[in-house]
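These notes concern the structure reproduced below.
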Amino acid sequence: TGLIFAFLLPILINIAQREEIASFALLTDEEYPLFLEIRKFSEEEYERSKKTAEIARKCARACGADEGTCYLGGLYYRIGKVLGEPEITNAVNETRKRCFPSRVTDILSEYGGVINKISTPESAIVHMADAYVSLKEARVGEDGEEAFGTDLSVYRMLNDFSQDGIYDEAKLSMNSFLKIRECLAREIGKR
(Lines give C-alpha, C1' and ligand atoms only; values in the text may rest on other atoms or scores of the structure.)
Protein backbone atom coordinates (compact mmCIF):
# COMPACT_ATOMS: atom_id res chain seq x y z
CA THR A 1 0.00 0.00 0.00
CA GLY A 2 2.91 2.34 0.64
CA LEU A 3 4.08 1.95 -2.94
CA ILE A 4 0.59 2.61 -4.30
CA PHE A 5 0.26 5.68 -2.06
CA ALA A 6 3.67 6.97 -3.18
CA PHE A 7 2.57 6.55 -6.81
CA LEU A 8 -0.88 8.16 -6.36
CA LEU A 9 0.13 11.10 -4.16
CA PRO A 10 1.81 13.17 -6.93
CA ILE A 11 -1.16 12.53 -9.21
CA LEU A 12 -3.64 13.65 -6.53
CA ILE A 13 -1.58 16.76 -5.76
CA ASN A 14 -1.45 17.62 -9.47
CA ILE A 15 -5.24 17.25 -9.76
CA ALA A 16 -5.79 19.44 -6.69
CA GLN A 17 -3.48 22.13 -8.06
CA ARG A 18 -5.28 22.15 -11.41
CA GLU A 19 -8.64 22.44 -9.66
CA GLU A 20 -7.38 25.35 -7.59
CA ILE A 21 -6.10 27.15 -10.70
CA ALA A 22 -9.45 26.59 -12.45
CA SER A 23 -11.32 27.85 -9.39
CA PHE A 24 -9.14 30.96 -9.22
CA ALA A 25 -9.75 31.69 -12.91
CA LEU A 26 -13.51 31.31 -12.47
CA LEU A 27 -13.76 33.46 -9.33
CA THR A 28 -11.66 36.28 -10.79
CA ASP A 29 -13.50 36.39 -14.11
CA GLU A 30 -15.26 39.74 -14.44
CA GLU A 31 -18.33 37.83 -15.69
CA TYR A 32 -18.54 35.67 -12.56
CA PRO A 33 -22.04 36.28 -11.10
CA LEU A 34 -20.89 37.33 -7.62
CA PHE A 35 -18.34 39.72 -9.10
CA LEU A 36 -21.09 41.14 -11.33
CA GLU A 37 -23.17 41.70 -8.18
CA ILE A 38 -20.47 44.04 -6.92
CA ARG A 39 -20.60 46.01 -10.16
CA LYS A 40 -24.41 46.18 -10.07
CA PHE A 41 -24.22 47.43 -6.49
CA SER A 42 -21.83 50.25 -7.34
CA GLU A 43 -19.22 51.04 -9.97
CA GLU A 44 -17.11 52.63 -7.22
CA GLU A 45 -17.25 49.47 -5.11
CA TYR A 46 -16.37 47.40 -8.17
CA GLU A 47 -13.28 49.52 -8.93
CA ARG A 48 -12.35 49.57 -5.24
CA SER A 49 -12.44 45.77 -5.03
CA LYS A 50 -10.13 45.48 -8.03
CA LYS A 51 -7.69 48.00 -6.50
CA THR A 52 -7.71 46.20 -3.16
CA ALA A 53 -7.11 42.85 -4.85
CA GLU A 54 -4.18 44.11 -6.92
CA ILE A 55 -2.54 45.85 -3.97
CA ALA A 56 -3.02 42.75 -1.79
CA ARG A 57 -1.35 40.66 -4.50
CA LYS A 58 1.64 43.06 -4.67
CA CYS A 59 2.03 42.97 -0.89
CA ALA A 60 1.83 39.17 -0.87
CA ARG A 61 4.52 39.01 -3.54
CA ALA A 62 6.71 41.38 -1.51
CA CYS A 63 6.69 39.15 1.57
CA GLY A 64 6.23 35.67 0.09
CA ALA A 65 2.59 35.12 1.09
CA ASP A 66 0.01 33.34 -1.11
CA GLU A 67 -0.73 35.79 -3.93
CA GLY A 68 -3.86 34.03 -5.18
CA THR A 69 -5.46 33.92 -1.75
CA CYS A 70 -4.66 37.60 -1.17
CA TYR A 71 -5.99 38.58 -4.59
CA LEU A 72 -9.29 36.73 -4.12
CA GLY A 73 -9.57 37.94 -0.53
CA GLY A 74 -9.08 41.53 -1.69
CA LEU A 75 -11.52 41.15 -4.56
CA TYR A 76 -14.33 39.93 -2.32
CA TYR A 77 -13.32 41.50 1.03
CA ARG A 78 -16.28 43.87 1.10
CA ILE A 79 -18.85 41.56 -0.54
CA GLY A 80 -20.85 41.70 2.69
CA LYS A 81 -21.68 45.34 1.93
CA VAL A 82 -23.27 44.17 -1.32
CA LEU A 83 -25.13 41.29 0.33
CA GLY A 84 -26.43 43.36 3.27
CA GLU A 85 -26.77 42.80 6.99
CA PRO A 86 -25.40 40.82 8.71
CA GLU A 87 -22.54 41.58 6.33
CA ILE A 88 -19.84 39.22 7.58
CA THR A 89 -22.19 36.29 8.06
CA ASN A 90 -23.72 36.81 4.62
CA ALA A 91 -20.27 37.04 2.99
CA VAL A 92 -19.11 33.82 4.64
CA ASN A 93 -22.32 31.94 3.84
CA GLU A 94 -22.33 33.07 0.21
CA THR A 95 -18.71 32.15 -0.42
CA ARG A 96 -19.16 28.77 1.24
CA LYS A 97 -22.22 28.14 -0.91
CA ARG A 98 -20.18 29.00 -4.00
CA CYS A 99 -17.30 26.73 -2.93
CA PHE A 100 -14.68 29.45 -2.56
CA PRO A 101 -11.33 28.22 -1.23
CA SER A 102 -11.64 27.98 2.55
CA ARG A 103 -8.61 30.28 2.99
CA VAL A 104 -10.54 33.07 1.26
CA THR A 105 -13.73 32.44 3.22
CA ASP A 106 -11.65 32.59 6.41
CA ILE A 107 -10.33 36.02 5.38
CA LEU A 108 -13.89 37.24 4.88
CA SER A 109 -14.88 35.87 8.29
CA GLU A 110 -12.07 37.98 9.78
CA TYR A 111 -13.20 41.19 8.05
CA GLY A 112 -11.74 44.06 10.04
CA GLY A 113 -11.10 41.75 12.99
CA VAL A 114 -14.70 42.45 14.03
CA ILE A 115 -16.02 38.93 14.79
CA ASN A 116 -12.92 36.77 14.34
CA LYS A 117 -9.36 37.90 14.89
CA ILE A 118 -7.06 38.17 11.91
CA SER A 119 -5.24 34.84 11.98
CA THR A 120 -3.04 34.51 8.88
CA PRO A 121 -0.52 36.65 7.02
CA GLU A 122 -2.88 36.64 4.01
CA SER A 123 -5.77 37.94 6.10
CA ALA A 124 -3.52 40.66 7.53
CA ILE A 125 -2.39 41.63 4.03
CA VAL A 126 -5.95 41.92 2.74
CA HIS A 127 -6.90 44.00 5.79
CA MET A 128 -3.91 46.30 5.19
CA ALA A 129 -4.69 46.61 1.47
CA ASP A 130 -8.32 47.49 2.23
CA ALA A 131 -7.23 50.06 4.82
CA TYR A 132 -4.73 51.47 2.34
CA VAL A 133 -7.43 51.91 -0.33
CA SER A 134 -9.64 53.63 2.27
CA LEU A 135 -6.76 55.93 3.20
CA LYS A 136 -6.10 56.72 -0.45
CA GLU A 137 -9.81 57.45 -1.09
CA ALA A 138 -9.96 59.76 1.94
CA ARG A 139 -7.08 61.76 0.49
CA VAL A 140 -8.84 62.68 -2.77
CA GLY A 141 -10.11 66.25 -2.94
CA GLU A 142 -13.39 67.47 -4.44
CA ASP A 143 -11.70 68.08 -7.79
CA GLY A 144 -10.70 64.40 -7.98
CA GLU A 145 -7.01 65.14 -7.43
CA GLU A 146 -5.16 63.57 -4.56
CA ALA A 147 -5.18 66.15 -1.76
CA PHE A 148 -2.14 64.75 0.00
CA GLY A 149 -0.67 61.46 0.93
CA THR A 150 2.75 60.42 1.98
CA ASP A 151 4.51 57.29 3.00
CA LEU A 152 4.34 58.71 6.53
CA SER A 153 0.54 58.43 6.47
CA VAL A 154 0.86 54.75 5.52
CA TYR A 155 3.41 54.14 8.28
CA ARG A 156 1.18 55.83 10.82
CA MET A 157 -1.91 53.86 9.77
CA LEU A 158 -0.16 50.47 9.89
CA ASN A 159 1.68 51.26 13.11
CA ASP A 160 -1.65 52.19 14.73
CA PHE A 161 -3.15 48.87 13.67
CA SER A 162 -0.11 47.03 14.95
CA GLN A 163 -0.18 48.85 18.29
CA ASP A 164 -3.87 48.00 18.64
CA GLY A 165 -2.87 44.34 18.36
CA ILE A 166 -5.04 43.57 15.34
CA TYR A 167 -2.28 41.43 13.77
CA ASP A 168 -1.09 39.72 16.97
CA GLU A 169 -2.49 36.31 15.97
CA ALA A 170 -1.67 36.58 12.26
CA LYS A 171 1.70 34.83 12.45
CA LEU A 172 3.14 37.75 10.51
CA SER A 173 6.85 38.25 11.05
CA MET A 174 8.26 41.72 11.63
CA ASN A 175 10.23 41.35 8.41
CA SER A 176 7.02 40.60 6.46
CA PHE A 177 5.20 43.49 8.14
CA LEU A 178 7.99 45.88 7.13
CA LYS A 179 8.01 44.58 3.53
CA ILE A 180 4.25 45.08 3.29
CA ARG A 181 4.52 48.55 4.78
CA GLU A 182 7.21 49.50 2.27
CA CYS A 183 5.14 48.10 -0.60
CA LEU A 184 2.16 50.25 0.45
CA ALA A 185 4.37 53.29 0.98
CA ARG A 186 5.62 52.95 -2.61
CA GLU A 187 2.03 52.68 -3.84
CA ILE A 188 0.93 55.95 -2.20
CA GLY A 189 3.01 57.91 -4.69
CA LYS A 190 1.43 56.26 -7.72
CA ARG A 191 -1.62 57.68 -9.43
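Defined by atom type and a distance below 3.5 Å, a donor-acceptor pair is missing between the side-chain atoms of Ser42 and Arg48. Donor-acceptor pairing under 3.5 Å is recorded for the side chains of Ser123 and Glu110. Of the N and O atoms on the side chains of Arg96 and Thr105, not one donor lies less than 3.5 Å from an acceptor on the other residue.
A donor-acceptor pair under 3.5 Å is absent between the side-chain atoms of Thr69 and the main chain of Asp66, judged by distance alone. Listed for the Ser134 side chain is a donor-acceptor partner under 3.5 Å among the backbone atoms of Asp130. Within the 3.5 Å criterion, the main-chain N or O of Ile166 finds no donor-acceptor partner in the side chain of Asp164.
Ion pairing of Glu54 with Lys58 is absent here, as no side-chain N (NZ or NE/NH1/NH2) approaches a carboxylate O to less than 4.0 Å. Salt-bridge annotation for Lys179 and Glu182: absent, with no side-chain N of the basic residue lying under 4.0 Å from a carboxylate O of the acidic one. Comment: Glu67 does not engage Arg57 in a salt bridge, judged by the lack of any side-chain N to carboxylate O separation of less than 4.0 angstrom. Contact check on Asp168 versus Lys117 returns no salt bridge, with no Lys/Arg side-chain nitrogen under 4.0 Å from an Asp/Glu carboxylate oxygen. Between Glu43 and Arg39 there is a salt bridge, since at least one side-chain N of the basic residue sits less than 4.0 Å from a carboxylate O of the acidic one.
Pairing each heavy atom of Ala185 with each of Tyr155, the nearest pair is CB-CE2, 3.9 Å. Considering every non-hydrogen atom in both Ala91 and Leu108, the closest pair reads O-CD1, 4.3 Å. The nearest pair of heavy atoms linking Ser109 to Asn116 is O-ND2, 3.2 Å. Across every non-hydrogen atom of Ile118 and Ala124, the tightest pair is CG2-N, 3.4 Å.
In this structure, the side chains of Leu172 and Ile180 come closer than 4.5 Å at one or more pairs of heavy atoms. Side chains of Cys70 and Arg61 form no contact here, defined as non-hydrogen atoms less than 4.5 Å apart. With contacts defined as side-chain heavy-atom distances shorter than 4.5 Å, the pair Glu122/Tyr71 does not qualify. Between Ile125 and Cys63 the shortest side-chain heavy-atom distance falls below 4.5 Å. By the 4.5 Å heavy-atom criterion applied to side chains, Lys136 and Ile55 are not counted as neighbours.
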Check against side-chain contact (heavy atoms from CB on, under 4.5 Å), Phe177 and Met128: CA-CA 10 Å; Phe177 178 82; Met128 290 179 208; 3.8 Å; yes
Residue pair Phe35, Ser49: steps toward the side-chain contact (heavy atoms from CB on, under 4.5 Å) verdict: CA-CA 9 Å; Phe35 196 46; Ser49 70; 3.7 Å; yes
Residue pair Tyr111, His127: steps toward the ring pair (Phe, Tyr, Trp, His ring centres under 6.0 Å) verdict: CA-CA 7 Å; Tyr111 178 83; His127 179 267; 8.1 Å; no
Ignoring hydrogens and angles, write down the donor-acceptor pairs under 3.5 Å from the side chains of residues 73-90, residues two or more places apart or on other chains.
| unit_1 | atom_1 | unit_2 | atom_2 | d |
| --- | --- | --- | --- | --- |
| Tyr76 | OH | Leu27 | O | 2.6 |
| Tyr77 | OH | Gly112 | N | 2.9 |
| Arg78 | NE | Glu45 | OE2 | 2.7 |
| Arg78 | NH2 | Glu45 | OE1 | 2.9 |
| Asn90 | ND2 | Gly84 | O | 2.8 |
| Asn90 | ND2 | Glu85 | O | 3.1 |
| Asn90 | ND2 | Pro86 | O | 3.4 |

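Note on Leu36 and Phe41: separate hydrophobic clusters, where clusters join Ile, Leu, Val, Met, Phe, Trp and Tyr whose side-chain heavy atoms are under 4.5 Å apart, directly or indirectly. Both Val104 and Ile115 belong to a common hydrophobic cluster when Ile, Leu, Val, Met, Phe, Trp and Tyr are linked at side-chain heavy-atom distances under 4.5 angstrom.
Interatomic distance, Thr120 OG1 to Tyr167 OH, rounded to the nearest 0.5 Å: 11.5 Å.
For Ser102, there are no side chain to side chain contact (heavy atoms under 4.5 Å, CB included) partners, not counting sequence neighbours.
Of the residues listed (Lys40, Lys51, Glu30, Glu37), the one engaging Tyr46 in a side chain to side chain donor-acceptor pair (under 3.5 Å) is Glu30, and it is the only one.
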